[in-house]
Amino acid sequence: LRIAPVLTSAAQVVERTLYVHLHPGLNLSTGGQVRPVYIPPLVDLCTLISRLYSNAADICAHLDVRVLLSNVRAQSVALSGNNGPFPTPQTLSHSPEVVLTDFPIQDSGQSSLVTQCLQKYAGHCYVCKPSLSSVLLYPRLKEVEEDDPDRGGSGAQLKPLETFSDVVVGGTFDRLHGAHKTLLNISCLMANRRFVIGVCDQELLKNKVLKELIEPYYQRVQKLQDFLNDVKPSLKYEIVPLSDPFGPSISDPELQCIVVSEETRKGGEAVNRKRAENGLAELVLYEIQLLKDAHHADIEEEKISSSSLRTRLLGTLLKHPSPQADLPLDPYVIGLTGGSGSGKSSIAHRLEALGAVRIDCDQLGHEAYLPGTSAYHKVIQEFSPDILNEDKTINRRVLGGKVFGNQERLKALTDIVWPEIALLVKKRIKQAKEQGKHVCVVDAAVLLEAGWTYLVHEVWVATIPEEEDILGVLTLSRSQAVKRIVQRDGVKEEDALRRLKSQWTNAKLIEHANVVLCTLWEPDVTQRQVLKAWSLLQQRIQKRQEEIKSSP
Ligand SMILES: CC(=O)SCCNC(=O)CCNC(=O)[C@H](O)C(C)(C)COP(=O)(O)OP(=O)(O)OC[C@H]1O[C@@H](n2cnc3c(N)ncnc32)[C@H](O)[C@@H]1OP(=O)(O)O
């Protein structure tokens, strides 16, 4: 009952990081000095941590919430080491600027005494900004407390939590979210000396949804380090890359406990079987509950998951476009690209239905070859007249057979036609402007390969997952893109593959993308992504125009 209102009020004050320090029974109304004390790890704390993060995901998803555990210490550790309270204040990665409390006051006259006391207390625990201010979040707490069944110790579980010297967990830890933080925080609570975190890399990422949007390994590790150093700096952290599902968990004799979720419990059991084979003691399996995601969409998982977070990125601006000084802002030009069969053209049609002018570069390419054009003569000279139909037009299928799969020949062709197509694109954009249109979508299969970013304000990439074989060689044999090309263009599977191999991989395209869309699911899911992308685009265009108007 207390968590939701406290987080709601906190979210009105905090912009970025909300650190949570737990001190049950702290009395701030004594007027005297209140000092931090160590509290023991209890089972109840695990529940509290998990509820905090799950409520935070609903109430203040924009905040980076971190439960701090420096003041939680098992009796055995306290006895063997420093038992005194907080020798020096802890330096956090972001020094607190304001300290908030859910301590209830009896009457308004008490508030200045309580805030003073709170500031002193915060200063004992953490290095805070000199201008630290304090806020009483929920002064009328008393009424709620009376209704709270967990209040007064009757329902509280004061069961001590079993702790271990060395604890291990594994995961991808992409876009660190509440469920990861719960897992990490509870593991920190249970570990007294060392905490080993295996982070999935390379091979283990291959089958993940939207794997190209997974943050790079170094970035995921950096975020983990940053979080863990705040949470419990006294622990020794070892973050290791996982290239198989087990990592050090099956070979490290000092490990005692593995923290798993309902989903990874089986993996934990497999770890123990391998340890037994290796003559090592079994690990204690501690299972945490997965947090439910109240906002999950129909294609997303019910639990809070990184795949859902990645799905939500589709259609949003992932990277700010670099300013194009030579390109007039009106019409605003989107370069839409993506591998053959990625659904790029269907997206272009959807954008056209929303009001954009669609410029189909495959089509312009065909126009560029019409008899009498300069490209027509150059192409015949380069590829010999065998590429001509009886009516003297260029047989594109024959030409395609000569260039796809042969980089050198393809380059010879594109050196001739790309400049011609680019001229036609510019002409279409000019026509769009004359017609009073404000957005153009340049649908170009190899926009990035051609270096056409100078023609557009933003690059949008359409994707469909690629499949890789065990050796990591791009075979795409069973991929959806191949199926689509074979069905649509009536070409053989090997020709479709050759065509795809002439193009950049999804990962390389996404590196350059401002916006990514994925056509893996049902058409209405693609449509929702397009609507989202379109509406965010309108906001960006409007903002840019206002900025220009207001600039001197
Ligand atoms: C910068 C751009 O993106 S311009 C648009 C692409 N066009 C070019 O690069 C010009 C060179 N290509 C061509 O002239 C033609 O593709 C030809 C003659 C080789 C084959 O013509 P056609 O058989 O009629 O095929 P078509 O032009 O419809 O293209 C078929 C597929 O080949 C792919 N493709 C076209 N050009 C290239 C290229 N240069 N490199 C790799 N793939 C290419 C496209 O992805 C297209 O598939 P998609 O519609 O699913 O995206």
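Each ligand, and each atom within it, is numbered from 1 in the order the structure gives. Remember, predicted model here, so these are calculated numbers, not experimental data. One-based numbering along the sequence shown.
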Colleague: Which of the numbered atoms in ligand 1 are under 4.0 angstrom from any heavy atom belonging to Ala450?
Modeller: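 Within the 4.0 Å cut-off of Ala450, ligand 1 contributes 1 (C).
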Colleague: Kindly identify the option in Phe383, Phe404, Trp504 whose heavy atom sits closest to atom 43 (C) of ligand 1.
Modeller: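 It is Phe404 whose heavy atom sits nearest to atom 43 (C) of ligand 1.
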Colleague: If you measure only the distance, is there a donor-acceptor pair under 3.5 Å linking the side chains of Arg484 and Thr519?
Modeller: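 Thr519 and Arg484 do have a side-chain donor-acceptor pair below 3.5 Å.
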Colleague: Below 4.0 angstrom from a heavy atom of Val417, which ligand 1 atoms are there? Numbered from 1 as shown, please.
Modeller: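 The list of qualifying atoms is 10 (C).
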Colleague: Show me which atoms of ligand 1 lie under 4.0 Å from any heavy atom of Leu447.
Modeller: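 Taking each heavy atom of Leu447 in turn, ligand 1 has 3 (O) under 4.0 Å.
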Colleague: Could you identify the single nearest non-hydrogen protein atom to atom 44 (C) of ligand 1 and state the distance to 0.1 Å?
Modeller: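 Nearest neighbour among protein heavy atoms for atom 44 (C) of ligand 1, to 0.1 Å: Ala445 CB, 3.6 Å.
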Colleague: Report the part of Glu449 in contact with ligand 1, treating N, CA, C, O as backbone and CB onward as side chain, heavy atoms under 4.0 Å; options are side chain, backbone, both, neither.
Modeller: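 Glu449 to ligand 1: no contact under 4.0 Å from either part.
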Colleague: Can you give me the closest heavy-atom contact between Lys437 and Asp330, atom names plus distance?
Modeller: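 Scanning both residues, the minimum pair turns out to be O-OD1, 4.0 Å.
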Colleague: Please list, in number order, the atoms of ligand 1 under 4.0 Å from a heavy atom of Gly341.
Modeller: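 Listed by number with element, the hits are 50 (O).
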Colleague: Checking a contact table here: which protein heavy atom is nearest atom 2 (C) of ligand 1, and how many Å away?
Modeller: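 Nearest protein contact, heavy atoms only, for atom 2 (C) of ligand 1 is Val446 CG2, 3.5 Å.
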Colleague: Against heavy atoms of Cys361, which atoms of ligand 1 measure under 4.0 Å?
Modeller: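 Here the atoms of ligand 1 in question are 4 (S), 5 (C).
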Colleague: Tell me which protein heavy atom sits closest to atom 45 (O) of ligand 1, plus the residue, atom name and distance to 0.1 Å.
Modeller: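 Protein heavy atom at minimum distance: Gln503 NE2, 2.8 Å.
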Colleague: Could you check if a side-chain atom of Leu7 sits within less than 4.5 angstrom of a side-chain atom of Leu18, using non-hydrogen atoms only?
Modeller: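 Of all side-chain heavy-atom pairs linking Leu18 with Leu7, at least one is under 4.5 Å.
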Colleague: Can Asp174 and Arg220 be counted as an ion pair, charged N to O under 4.0 angstrom?
Modeller: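 No, Asp174 and Arg220 are not salt-bridged.
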Colleague: Residues in side chain to side chain donor-acceptor pair (under 3.5 Å) with Asn389, at least two apart?
Modeller: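 Asn389: side chain to side chain donor-acceptor pair (under 3.5 Å) contacts with Thr393, Asn395.
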Colleague: What are the two closest non-hydrogen atoms of Ile347 and Ala462, and how far apart are they?
Modeller: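 Closest heavy-atom pair between Ile347 and Ala462: CD1-CB, 3.8 Å.
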Colleague: Tell me: protein heavy atom nearest atom 8 (C) of ligand 1, and distance?
Modeller: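 Result for atom 8 (C) of ligand 1: Trp418 NE1, 3.6 Å.
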Colleague: Which residue and non-hydrogen atom of the protein lie closest to atom 47 (O) of ligand 1, and at what distance in Å?
Modeller: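 So the nearest neighbour among protein heavy atoms is Ser340 OG, 2.9 Å.
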Colleague: Below 4.0 angstrom from a heavy atom of His366, which ligand 1 atoms are there? Numbered from 1 as shown, please.
Modeller: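 Here the atoms of ligand 1 in question are 24 (O), 26 (P), 27 (O), 28 (O).
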Colleague: So, does His457 use its side chain to make a donor-acceptor pair with the main chain of Pro328 at under 3.5 Å?
Modeller: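 Between the backbone of Pro328 and the side chain of His457 there is a qualifying donor-acceptor contact (under 3.5 Å).
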Colleague: For atom 13 (C) of ligand 1, find the nearest protein heavy atom and state the residue, atom name and distance (0.1 Å precision).
Modeller: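 Of every protein heavy atom, Tyr369 OH, 3.4 Å lies nearest to atom 13 (C) of ligand 1.
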Colleague: Do Ser93 and Asn229 have a side chain donor and acceptor closer than 3.5 Å?
Modeller: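 No - no donor-acceptor pair under 3.5 Å links their side chains.
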Colleague: I need the contact type for Thr414 against ligand 1. Using non-hydrogen atoms and a strict under-4.0 Å cut-off, is it side chain, backbone, both or neither?
Modeller: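 Within the 4.0 Å criterion, Thr414 contacts ligand 1 through side-chain atoms alone.
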Colleague: For atom 31 (C) of ligand 1, find the nearest protein heavy atom and state the residue, atom name and distance (0.1 Å precision).
Modeller: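 The answer is Arg499 NH1, 3.3 Å.
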Colleague: Which of the atoms of ligand 1 are close to Leu410, meaning less than 4.0 Å from one of its heavy atoms?
Modeller: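 Every atom of ligand 1 under 4.0 Å from some heavy atom of Leu410: 39 (N), 40 (N).
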Colleague: Charged N to carboxylate O below 4.0 Å: is that the case for Lys206 and Glu203?
Modeller: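 Yes, this pair counts.
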Colleague: For Lys378, what residues pass the salt bridge (charged side-chain N to carboxylate O under 4.0 Å, His left out) criterion, not counting sequence neighbours?
Modeller: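 Testing Lys378 for salt bridge (charged side-chain N to carboxylate O under 4.0 Å, His left out), a comparison that skips the adjacent residues, returns none.
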Colleague: Short N/O distance, under 3.5 Å, between Asp362 and ligand 1?
Modeller: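 Yes; the residue has a nitrogen or oxygen that sits under 3.5 Å from a nitrogen or oxygen of the ligand.
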Colleague: Do Ser340 and Gln503 have side-chain atoms, one donor and one acceptor, less than 3.5 Å apart?
Modeller: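 Absent: no donor and acceptor within the cut-off.
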Colleague: Would you mind telling me which of Trp460, Trp504, Trp452 makes a ring-ring contact (aromatic ring centres under 6.0 Å, His included) with His512?
Modeller: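 So the option named by the test is Trp504.
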Colleague: Would you please determine whether Arg484 falls within less than 4.0 Å of ligand 1 on a heavy-atom basis?
Modeller: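 No, that is not the case, since the closest heavy atom of the residue is not under 4.0 Å from the ligand.
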Colleague: Which of the atoms in ligand 1, numbered in the order shown and given with their element, are less than 4.0 Å from a heavy-atom of Lys344?
Modeller: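 So the atoms of ligand 1 that pass are 51 (O).
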Colleague: Quick check: Ser345 and ligand 1, any N/O pair under 3.5 Å apart?
Modeller: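 Ser345 vs ligand 1: no N/O contact under 3.5 Å.
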Colleague: With a 4.5 Å limit on heavy-atom distance, are the side chains of Tyr286 and Val167 in contact?
Modeller: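 They are not in contact (no side-chain heavy atoms under 4.5 Å apart), so the answer is no.
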Colleague: Side chain or backbone of Arg396 under 4.0 Å from ligand 1, or both, or neither, by non-hydrogen atoms?
Modeller: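 The answer is both, backbone and side chain.
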